[in-house]
Amino acid sequence: MSRIVIAGGGVAGLEALVALRRHLGPDPRIDLLEANAELVERPMAVAEPFGGAAPRHFDLARIVADHGAVLRADRLGSVEPTERRLRTVRGDVLDYDALLIAVGARADIAVPGALTFTGPRDVGALRHLLVDLVARRVRAVAFAVPAGVTWALPLYELALMTAEHLRTAGVEDARLALVTAERNPLEVFGARTASRIRALLAERGIGLWTNTVPLRVGADGLAIVGGNSIAAERVVALPRLDGPWIGGLPHDPDGFIPTDAHGAVPGARAVWAAGDGTAFPIKQGGLAAQQADAAAEAIAAHLGAALDPAPFRPELRGLLLDPRGARVLTQENGAPPDAVMWSAPSKVATQYLAPYLAARGGAAADRDREASLEPAAPLS
């Protein structure tokens, strides 16, 4: 019996698991390496500080069991591609016929002195900042997108939600600014979306500094490249992402894994990779799932399935959680928005994993949660 090992239990790894079972049936043994016990709907964490529902949690053991796989509470340490063998962090040695690496990237501080928002663990700190703003202990906040960050959508959501929170609380004298190294706001979606986002920020009273690289928080506010500073008492920033640096595999200067159009890792026999740990520049859950779909098809063909694997053709879509109405964003010249795809309370749409999760529901603590999103409309 063939053995597939999937390293990583995030969206990309689980999307690949469900896809592989669909393509190959029950015969291959599939081991999933993941030290965390749950899949957390991390992109929804931006809404929680403002009274939105907490991100849903899904029991990883249940997902893995439902797909006839074996969950190993461990992480990938290194790979020996020539031997088709890997070593885990705990020291176990596993042989494989196909290995999919979906371990993600590592978040690090990009703007020293800022509140670095990475997801659920930073919700409390952001709530404290909101309390200080409403109490007028803080009057000026900058939201900073560091250089090298290609998926900036969460910070725009935080800025818009903060502006609406202050408006509702009757605070009219706070100053909010969005400072970004991007040439245009949310430039990955193209010029048309950038223009609309620019107008949206102006409408909400949020100052915009583009093509401005934030460095650190200092005595004069947010220091930027060029020696100047932007007045701000507090700064909220996105993290810098570093590659996973997997021993035995090729990587770029930042530790990210190169892949071909089918997710195969050059020079590493029977190894594929998908998600934020790859060298693909845009780190976003929907694109990670699309990479996983391409890799799963390639792995299935490698193991004898009668299919012609399709290459990874990125279609960038996003859901902007504007508190006055969620908005679908699509990349210019990309596929049109799918209204059904965005009808559920989730920000990551996937071909295989999302329908399974929607049918099963969240973990026990979240089963009674009401949907917090209405079907979203295209940005206009």
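On a predicted model such as this, the values are computed, not experimentally measured, just so you know. The analysis underlying the following values was restricted to heavy atoms, covering all of them including side chains, and did not include hydrogens, waters or symmetry mates.
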Side chain of Q290, backbone of E315: donor and acceptor closer than 3.5 Å?
-> yes
Working to the nearest 0.5 Å, report the span between CD of E233 and CG of L133.
-> 8.5 Å
Separation of Y356 OH from F58 CZ (nearest 0.5 Å) = 9.0 Å
Going by heavy atoms in the side chains, are L208 and R198 under 4.5 Å from each other?
-> yes
Aromatic contact, F312 with F280 (centres under 6.0 Å) = yes
Let me see the working for D242 and R240 under salt bridge (charged side-chain N to carboxylate O under 4.0 Å, His left out), right down to the final yes or no.
-> CA-CA 7 Å; D242 295 323; R240 181 184 74 244; 3.3 Å; yes
Trace of the salt bridge (charged side-chain N to carboxylate O under 4.0 Å, His left out) decision for E48 with R127 | CA-CA 9 Å; E48 190 177 0; R127 279 184 179 143; 3.8 Å; yes
Close side-chain approach of N184 to T193, heavy-atom, < 4.5 Å = no
Main-chain N/O of P239 paired with T116 side-chain donor or acceptor, under 3.5 Å = no
Can you establish whether the number of heavy atoms outside R324 located under 6.0 Å from its atom CZ is more than 12?
-> yes
Please walk me through it: do D95 and R3 pass salt bridge (charged side-chain N to carboxylate O under 4.0 Å, His left out)?
-> CA-CA 8 Å; D95 296 320; R3 185 184 204 179; 5.9 Å; no
Is there a path from V179 to L126 through hydrophobic residues (I, L, V, M, F, W, Y) whose side chains come within less than 4.5 Å of each other?
-> no
In terms of heavy-atom contacts, W245 and D252 come closest through CH2-O, 4.2 Å
Can R137 and D132 be counted as an ion pair, charged N to O under 4.0 angstrom?
-> yes
When you measure from the side chain of E34 to the backbone N and O of N36, does any donor-acceptor pair fall under 3.5 Å?
-> yes
Check the hydrophobic clustering (I, L, V, M, F, W, Y; side-chain heavy atoms under 4.5 Å; chains of links allowed) and say if L241 and V145 are grouped together.
-> no
Run the side chain to side chain contact (heavy atoms under 4.5 Å, CB included) check on I101 and W272 step by step: do they pass?
-> CA-CA 6 Å; I101 300 173; W272 289 260; over 6 Å; no
In this structure, are over 12 heavy atoms from other groups packed under 6.0 Å from R183 atom CZ?
-> no
Between NE2 of H165 and CE of M161, what distance do you get to the nearest 0.5 Å?
-> 12.0 Å
Aromatic ring proximity W151/F189, centre distance under 6.0 Å = yes
S195 (side chain) donor-acceptor with A191 (main chain) under 3.5 angstrom | no
Output yes when a side-chain donor or acceptor of Q284 lies under 3.5 Å from a complementary backbone atom of R317, and no otherwise.
-> yes
Over all heavy atoms of both residues, which pair between T350 and P355 is shortest? Give the atoms and the distance, please.
-> O-CD, 3.6 Å
Any chain of hydrophobic side-chain contacts (each under 4.5 Å) joining V217 to L238?
-> no
Within the distance-only criterion (no hydrogens, no angle test), does the side chain of R56 pair as donor or acceptor with the backbone N or O of V40 below 3.5 angstrom?
-> no
Look only at the side chain of E182 and the backbone of L186, and say whether a donor-acceptor pair between them is shorter than 3.5 Å.
-> yes
To the nearest 0.5 Å, how far apart are CZ in R327 and CG in L160?
-> 8.5 Å
Where is the tightest heavy-atom contact between D97 and A270, given as atom of each residue plus distance?
-> O-CB, 3.4 Å
Output side-chain donor-acceptor pairs under 3.5 Å for residues 255-266, partner residues at least two apart or in another chain, one line each.
| from | atom 1 | to | atom 2 | distance (Å) |
| --- | --- | --- | --- | --- |
| D260 | OD1 | H262 | N | 2.8 |
| D260 | OD1 | G263 | N | 3.1 |
| D260 | OD1 | A264 | N | 2.9 |

Of all pairs that satisfy ring-ring contact (aromatic ring centres under 6.0 Å, His included), the ones with a partner from residues 118-137, not counting sequence neighbours = none
Smallest separation among heavy atoms of P314 and L287, with atom names = CB-CD2, 3.9 Å
Under a 4.5 Å cut-off applied to non-hydrogen side-chain atoms, are V70 and L32 in contact?
-> no
Could you give me the CA-CA distance, side-chain angles and deciding distance for V46 and L321, then say whether side chain to side chain contact (heavy atoms under 4.5 Å, CB included) is met?
-> CA-CA 8 Å; V46 293; L321 295 184; 3.9 Å; yes
Kindly write out the residues that satisfy side chain to side chain contact (heavy atoms under 4.5 Å, CB included) with A231, not counting sequence neighbours, or none if the list is empty.
-> none
For D293 and Y352, what are the C-alpha separation, side-chain angles and deciding distance, and is it a side chain to side chain contact (heavy atoms under 4.5 Å, CB included)?
-> CA-CA 9 Å; D293 290 338; Y352 298 103; 3.5 Å; yes
Whether over 12 other heavy atoms sit under 6.0 Å from I109 CD1 | no
Of the non-hydrogen atoms in V79 and Y96, which two are nearest, and what is the gap between them?
-> CG1-OH, 3.5 Å
Are any side-chain N or O atoms of R139 and backbone N or O atoms of R136, one a donor and one an acceptor, separated by less than 3.5 Å?
-> yes
Quick check: does any side chain N or O of T278 sit under 3.5 Å from a backbone N or O of G275, one acting as donor and the other as acceptor?
-> yes
Do L100 and V5 have side chains that get closer than 4.5 Å, going by heavy atoms?
-> no
L17-L60 co-clustered via ILVMFWY side chain contacts under 4.5 Å | yes
Can you tell me if CZ on R22 sees more than 12 non-hydrogen neighbours from other groups inside 6.0 Å?
-> no
If you measure from CG on L316 to CD on Q331, what distance do you get to the nearest 0.5 Å?
-> 5.0 Å
Step by step, would you call L33 with R75 a side chain to side chain contact (heavy atoms under 4.5 Å, CB included)?
-> CA-CA 6 Å; L33 294 175; R75 298 186 189 277; over 6 Å; no
Evaluate the side-chain proximity of T180 to F143: yes if any heavy-atom separation is below 4.5 Å, no if none is.
-> no
Shortest non-hydrogen contact from I299 toward A98 | CG2-CB, 3.7 Å
Do L24 and I4 have side chains that get closer than 4.5 Å, going by heavy atoms?
-> yes
Flag side-chain contact, heavy atom, 4.5 Å: D31 against R29 | yes
salt_bridge(D322, R204) N-O dist < 4.0 Å = yes
Is it true that a side-chain atom of R72 and a backbone atom of T88 form a donor plus acceptor pair closer than 3.5 Å?
-> no
What is the distance from atom CD1 of I206 to atom CG of L176, rounded to the nearest 0.5 Å?
-> 6.0 Å
P120 and R42, any side-chain heavy atoms less than 4.5 Å apart | yes
same_hphob_cluster(L215, L115) at 4.5 Å side-chain heavy-atom cutoff = no
